Amino acid sequence: VDGAIMGLGSNTSGILLVNSNTAQIKVGATGTLRGGDAAIYAGGLANVVNDGLIATGAGAIASIYETGSGNYSITNRGQITSISAEAIEMTGAGTHTINNSGTILNAGSTFAINSSDATAIDIINNSGVISGGSVTLGGGADVVTNTGNQILLNVTVTDDQGVAVSCPKDSLDLGEAMTCTASGLAP
């Protein structure tokens, strides 16, 4: 996408990927991808590279909503924005990797990034900005990496089902990674 794709109104998506299809979606630096329910609604696996703007308005599910099981990655060098829902929501099993050197913004009161599958492995490499709301990762082992240029302090990882998450430390030096684990039954 180097122009604009707009799916406006309820029950619309900028790009809808169904079944177990795999897609590569790239939004160029001058591109804009918007949707009513989701800018990208992926029932399959969508590997996304964003250099432009991916956004949704009020009442949306998420700007990027990935429900397929399997491995996929989201590379953001632009901006992913949601007004009222998650900027990125991932519900399928597998390994989900987010490489962010741009901005992931949730202007509402929910999560900037939400992964709700207990079997998912989530890897977030962040050297950009994740703002507005928290980052919630699914169960299993979650790798948090500081790829930025500042030491991260007061790092916390939470589980959206209320399961206790254990991380070996609460700060990360430049280039440092840690694996956090969640165990127990959701309430």
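Each residue takes its place number in the sequence, starting with 1. In this text, all values refer to a predicted model and were calculated from it rather than measured experimentally.
Here the straight-line distance linking atom CD1 of Ile104 with atom CG of Asn76 works out to 5.0 Å at 0.5 Å rounding. Interatomic distance, CD1 of Ile80 versus CD1 of Ile98, reported as 7.5 Å (0.5 Å rounding). To the nearest 0.5 Å, atoms CD1 (Ile25) and CD1 (Ile64) are separated by 8.0 Å. One distance of note links OG1 of Thr97 with CE of Met90; it measures 9.0 Å at 0.5 Å rounding.
What you find for Ala39 and Thr56 is that their closest heavy atoms are N-CG2, 3.5 Å. Across all their heavy atoms, Gln79 and Asn50 have their closest contact at O-ND2, 3.2 Å.
Taking the six-membered ring where tryptophan is involved, the planes of Tyr65 and Tyr41 are perpendicular, since the angle between them exceeds 60° and thus also 30°.
With hydrogens and angles disregarded, a donor-acceptor distance shorter than 3.5 Å links the side chain of Ser63 to the backbone of Thr81. At least one donor-acceptor pair closer than 3.5 Å links the side chain of Thr67 to the backbone N or O of Ala42. Side-chain N or O atoms of Asn47 include none that pairs as donor or acceptor with a backbone N or O of Gln24 at under 3.5 Å.
The salt bridge (charged side-chain N to carboxylate O under 4.0 Å, His left out) analysis of residues 92-103, with sequence neighbours excluded, yields no pairs.
Side-chain contact check for His96 versus Glu66: every heavy-atom pair is 4.5 Å or farther apart.
Residues meeting the side-chain hydrogen bond (donor to acceptor under 3.5 Å, both in side chains) test with Asp51, sequence neighbours left out: Lys26, Arg77.
Note: the hydrophobic cluster containing Val48 does not contain Leu53 (ILVMFWY, side chain heavy atoms under 4.5 Å, direct or indirect links).
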